[in-house]
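So the structure is just underneath, and the comments pick up after that.
Residue numbers start from 1 in every chain, and the chains themselves are labelled A, B, ... in the order their sequence lines are given, proteins ahead of strands. Note that these values count all heavy atoms, side chains included, but never hydrogens, waters or copies made by symmetry.
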Amino acid sequence: MKVVPLTKITIITENLLRDRIVALIRKHGATGYTATKVEGEGSRGVRASDWEGRNDRIETLVSAEVAEAIIEDLNDNYFEDFAVIAWLSEVNVLRGTKFIS
Amino acid sequence: MKVVPLTKITIITENLLRDRIVALIRKHGATGYTATKVEGEGSRGVRASDWEGRNDRIETLVSAEVAEAIIEDLNDNYFEDFAVIAWLSEVNVLRGTKFIS
Amino acid sequence: MKVVPLTKITIITENLLRDRIVALIRKHGATGYTATKVEGEGSRGVRASDWEGRNDRIETLVSAEVAEAIIEDLNDNYFEDFAVIAWLSEVNVLRGTKFIS
Amino acid sequence: MDLLVQNLISPVVLAFLLGMAARWCKSDLEIPDAIYQGLSIYLLFAIGLKGGVALSQTPMTQLIAPLGVTLALGIITPVSAFYILRSLGKLSKIDAAATAAHYGSVSAVTFLAAIEAAKVANIPTDGFLPALVAVLEVPGIIIGLMFAQQQRAGGLKEALHEVVAGKSIFLLIGGMVIGALCGADKIQAVAPLFIDPFKGVLCLFLLELGMVAARRISDIRSAGWRLVMVGCLLPLVHGLLGTFVGTLAGMTEGGAAVLGAMTGSASYIAAPAAVRIALPKASPGIYLTMALGITFPFNLAIGIPLLLAFAKFCGKFFG
Amino acid sequence: MDLLVQNLISPVVLAFLLGMAARWCKSDLEIPDAIYQGLSIYLLFAIGLKGGVALSQTPMTQLIAPLGVTLALGIITPVSAFYILRSLGKLSKIDAAATAAHYGSVSAVTFLAAIEAAKVANIPTDGFLPALVAVLEVPGIIIGLMFAQQQRAGGLKEALHEVVAGKSIFLLIGGMVIGALCGADKIQAVAPLFIDPFKGVLCLFLLELGMVAARRISDIRSAGWRLVMVGCLLPLVHGLLGTFVGTLAGMTEGGAAVLGAMTGSASYIAAPAAVRIALPKASPGIYLTMALGITFPFNLAIGIPLLLAFAKFCGKFFG
Amino acid sequence: MDLLVQNLISPVVLAFLLGMAARWCKSDLEIPDAIYQGLSIYLLFAIGLKGGVALSQTPMTQLIAPLGVTLALGIITPVSAFYILRSLGKLSKIDAAATAAHYGSVSAVTFLAAIEAAKVANIPTDGFLPALVAVLEVPGIIIGLMFAQQQRAGGLKEALHEVVAGKSIFLLIGGMVIGALCGADKIQAVAPLFIDPFKGVLCLFLLELGMVAARRISDIRSAGWRLVMVGCLLPLVHGLLGTFVGTLAGMTEGGAAVLGAMTGSASYIAAPAAVRIALPKASPGIYLTMALGITFPFNLAIGIPLLLAFAKFCGKFFG
Ligand SMILES: Nc1ncnc2c1ncn2[C@@H]1O[C@H](COP(=O)(O)O)[C@@H](O)[C@H]1O
Ligand SMILES: Nc1ncnc2c1ncn2[C@@H]1O[C@H](COP(=O)(O)O)[C@@H](O)[C@H]1O
Ligand SMILES: Nc1ncnc2c1ncn2[C@@H]1O[C@H](COP(=O)(O)O)[C@@H](O)[C@H]1O
Ligand code: NA
Ligand code: NA
Ligand code: NA
């Protein structure tokens with residue numbers, strides 16, 4: 001089976017920003033994403049409100065260039081003021097060509 | 001602590017196939033799996049039904065050979081027609097020998 | 001964007017130990033963690049009780065030394081008797097310096 | 001016309017519209033998955049219970065004719081749907097088969113809305129109707145799938161298990177058995193949960209369903225006017241047929257109308273799961289949009305009041 | 001004093017204390033997220049429904065004065081809160097603006113607790129009060145945000161959409177429209193879900209809220225005595241004002257007291273979401289702790305009984 | 001025999017069987033985790049409330065004897081269970097201790113089923129029974145754990161906190177305190193949620209429990225006939241003892257039978273959590289299978305009707 005090496009971006013964000021961050025990654029060319037409801041603690045304890053629910057984990061498989069664009073944008077707009085963290089890992093994706101837009 | 005390098009397969013699948021895919025990975029010799037309820041969007045927007053719930057993320061730690069067998073099988077049976085994606089990553093597992101069946 | 005290579009520890013544990021394991025990783029200097037409710041099957045079929053809910057997946061981004069300390073501790077105290085597994089992976093973290101305590 | 005408005009202005013229908021409105025003004029309202037599934041479990045089990053109690057009070061001889069015509073409708077409607085979808089709808093064989101499986105089966109929520117409407121209009125119905133839902137749900141799916149026998153990937157057996165042991169049929173029949181065994185007296189003990197708040201729960205369920213349908217309705221554009229037309233025609237044809245034969249089978253006026261609404265409805269819970277497994281190559285964009293985006297709202301707004309009127313007419317001349 | 005104790009010993013208040021106790025003795029009690037959200041949806045929709053029915057029964061002429069004073073209060077209170085927070089609270093401009101948005105808006109749970117207390121004390125209230133909640137909720141947030149216009153990162157428009165299409169306002173207004181359209185008769189059908197068990201659901205909701213508040217209360221230490229004082233002063237000042245003008249507007253004794261409690265309360269559901277988007281640099285540690293950790297318990301324990309007494313007094317002299 | 005059948009044909013028991021059937025025919029029916037936990041919270045809190053109200057109406061002098069014998073049973077039964085499990089069950093010391101902790105404690109669902117059965121059979125019970133559940137739950141676990149003192153890994157203290165601050169005891173006692181403080185009148189306000197639909201909620205809970213038990217029952221084969229036998233013997237011995245001393249303590253016929261069922265039952269919620277922490281080396285495959293797979297169904301089908309008959313007998317001769 002042929003696999004394609006791609007970058008996986010994982011973003012943990014307070015729930016309030018979920019839809020905005022999905023829009024952000026789509027804007028830069030991600031073909032899709034997967035989101036999970038998670039909980040967590042970090043340096044900033046406080047969320048917008050408990051009614052908003054916990055954090056969200058958003059994962060997207062993208063090419064290296066798209067990854068670069070997404071993390072630049074995240075860094076410029078959200079890292080300072082919101083409870084957001086992100087990391088990159090290298091994965092081998094099956095039928096990976098469909099994720100390169 | 002001694003760690004063992006193993007392959008982690010992550011599969012995102014529409015809920016309808018959850019049990020079938022668990023059976024598939026077990027058939028090829030995976031000793032276990034971990035499943036999470038997730039949401040997502042990709043190229044195929046539509047799920048079998050909303051009553052079926054969202055997607056599932058299935059992760060399994062396996063040896064390289066078992067990984068190979070699982071992705072071949074997935075590719076042959078599900079990738080064409082269903083909302084399924086999968087990727088592989090290399091991880092270092094604690095007490096890893098218990099995962100090699 | 002500058003990213004910092006860090007170790008990500010992923011722990012799958014029966015729900016009963018969730019708070020204990022969070023305390024353990026904090027004790028060794030992790031600055032935060034992210035937890036997800038998951039299900040799973042492995043070699044030990046049985047959980048403390050179904051009322052306890054399923055498994056939890058705990059992820060934490062740490063430096064290599066902290067990682068070492070955490071997995072030693074896990075190994076000494078929980079691996080023998082409880083349904084716990086763990087693995088390490090290398091990831092590139094944005095604004096990574098904030099995770100090194 | 002007045003009946004139509006009267007039918008539309010009810011908490012249940014308005015909750016459905018509120019759900020649609022939530023999508024349209026991009027509210028972040030969201031019914032958590034677990035709650036939605038809890039509501040579904042409640043509704044199906046409660047319908048079953050009520051039906052079971054009614055069954056235990058109905059003499060078998062009164063049941064034979066309605067059960068017979070329902071079975072017949074379950075066999076006829078997927079066939080007629082298939083040919084109409086092929087000819088008028090211009091669907092490929094496999095898509096027509098997949099969609100026919102939906103129209104041959106039944107939508108539990110449409111069933112409930114029809115019962116509601118009859119009650120609001122003060123028209124009596126038959127207590128054993130939930131039993132007919134169970135009878136109508138399965139054959140349509142089987143026959144629909146058989147039309148695409150060559151193209152099937154998954155086994156027919158597997159798909160059938162998906163329907164029969166699927167939670168909706170399982171809870172409906174399970175509730176019915178419990179209701180029938182316990183009888184009205186013992187069920188009284190659980191009435192404050194399963195009978196009294198039923199309509200309220202239905203409201204919340206329709207709130208969610210409205211949100212789902214709103215997403216589907218925006219898919220109609222891509223479906224094209226042909227499918228919209230067929231999606232309105234099928235519930236009409238099947239609905240009138242169901243009401244007519246229901247009357248002939250000696251059912252009450254309201255019962256015949258509800259049977260018609262059931263016959264005219266398209267399943268969007270049981271059928272999609274089965275079709276997805278048996279006919280993975282059929283397009284969900286077609287069958288789900290038609291069932292949930294076109295036929296379901298059509299039935300709520302037009303189908304049900306029309307069938308109630310038609311049932312009165314039938315009752316006069318053939319009852 | 002007796003009224004205070006009577007007000008505190010009720011299932012609803014005790015459930016709140018039980019939730020706090022759960023945190024304090026480190027119980028592993030946890031209301032699942034989905035259940036908590038389900039309860040919130042239920043409560044808001046149910047309040048709306050009840051209010052809508054009441055609206056449909058109230059002649060428009062009786063509504064004008066109460067609606068007018070409520071709107072005025074929605075405009076005045078964020079302004080007074082801002083200046084008090086700046087001067088007495090010594091908050092930075094942006095934190096004062098963010099917190100003022102909370103005190104200008106309204107806490108739905110405080111509203112409910114006030115209604116409850118009036119009922120327990122046998123004091124009649126006005127049926128249209130839920131409509132006032134909707135009117136009071138929005139303007140305060142807008143005005144609060146405008147105080148920090150320069151520092152805003154996200155757009156004001158975006159923040160407004162967050163409030164108006166946010167689930168709490170959406171469900172409240174949606175329920176109200178449905179209640180008004182259906183009227184008392186048709187709502188009767190869903191009363192066994194939305195009316196009768198309402199107080200019980202409120203109990204469970206307050207159980208969770210108690211746990212949340214307990215976490216917040218432990219943050220008070222870091223907030224300092226200044227903010228604690230202001231967090232008690234604001235509900236007092238606004239509460240007395242609200243009760244007073246409510247009486248002038250011709251509301252019933254209980255209605256004026258509840259309007260006072262609403263005015264004195266600080267939002268901790270709608271406002272935080274809007275503020276977080278519009279003023280990300282404001283500190284949630286300040287506004288959430290004040291709204292949920294100080295003002296909310298203050299209102300439950302002291303504010304509401306006091307306002308009920310004050311409303312009686314007002315009623316005598318200005319009613 | 002007739003009583004047995006009458007006891008088995010009730011919505012609650014049939015729902016349990018339906019849950020088992022769901023597993024057996026591989027239905028995809030699944031109660032979402034959050035719903036299951038919501039139901040548990042509801043049930044425990046509601047039992048507590050009811051018990052608290054009853055306590056507030058019972059003079060202290062009437063309580064002393066029942067409380068005394070319950071405490072005594074809580075001390076005796078883990079001891080007898082330990083020795084029976086060692087001798088007849090041939091369990092290792094640590095497994096015997098772990099299992100004894102379960103049999104020394106109490107299953108809240110068995111308690112509820114017994115109350116139900118008494119009601120169906122028209123036998124009066126005592127209102128303060130829920131208080132006895134709380135008294136019986138804790139000591140058995142402590143004593144059971146002490147049998148394995150040497151082998152313990154986690155601290156006894158930690159395990160105790162797990163039980164006492166654990167959600168089941170916390171909600172039960174919390175509900176009881178609220179019920180006792182508010183009294184019957186104020187609890188009336190929340191009765192439409194916590195009292196009336198109680199049995200219906202129990203139904204849904206048992207549906208899930210049936211699915212869990214079905215999984216456990218399939219483990220019996222690996223447990224062996226020895227454990228099956230002991231799993232039926234223990235509830236019998238303890239059950240008869242509990243009913244007998246309950247009668248001597250002056251309890252009503254139904255009250256004594258329910259106390260017997262409680263004594264005979266094995267905990268599968270509080271005890272497993274404590275044992276897992278304190279005795280991680282004990283095998284859950286043994287204690288969970290015995291408690292949930294053998295003793296629980298045994299009590300439902302045989303134990304409870306038997307004890308009701310035995311209580312009548314005791315009442316005649318010793319009452
Ligand atoms: N070291 C870490 N490892 C894993 N997740 C973290 C870590 N630090 C923070 N997080 C997650 O990121 C969210 C926001 O973190 P913060 O902005 O530091 O409050 C937290 O709620 C956690 O879910
Ligand atoms: N680029 C992507 N990154 C992460 N997850 C994806 C991506 N594309 C698809 N997915 C996930 O895979 C599921 C099926 O994708 P698809 O078959 O493309 O509809 C989606 O619902 C997402 O959960
Ligand atoms: N091979 C595996 N791959 C992924 N997750 C596993 C694997 N084995 C076990 N797990 C997870 O770890 C938990 C405990 O495993 P065990 O201690 O083997 O019962 C299981 O419930 C699974 O969630
Ligand atoms: Na049909
Ligand atoms: Na206010
Ligand atoms: Na016991």
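When each of B:R57, B:K8, B:E39 is checked for heavy-atom pairs under 4.5 Å with chain A, B:E39 comes out on top. Chain B forms more heavy-atom pairs under 4.5 Å with one residue of A:G96, A:A35, A:S89 than with any other, namely A:A35. Put simply, of A:T60, A:T36, A:V22, A:I58, the one with the most heavy-atom pairs under 4.5 Å next to chain B is A:T36.
You'll find the side chain of B:E41 reaches within 4.5 Å of the side chain of A:R26, heavy atoms only. B:T10 has its side chain out of reach of A:V91: every pair of non-hydrogen atoms, C-beta onward, lies at least 4.5 Å apart. Looking only at side-chain heavy atoms (C-beta outward), A:L94 and B:L88 come within less than 4.5 Å of each other.
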Inset, instruction - Take A:E59 and B:W87, measure what side chain to side chain contact (heavy atoms under 4.5 Å, CB included) needs, and give me the verdict at the end. - result: CA-CA 12 Å; A:E59 279 170 304; B:W87 65 82; 4.3 Å; yes

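Interface remark: B:K37 contributes backbone atoms only to the contact with chain A (heavy atom separation under 4.5 Å).
Considering NZ of A:K2 and CD1 of B:I71, their distance stands at 12.5 Å, rounded to 0.5 Å.
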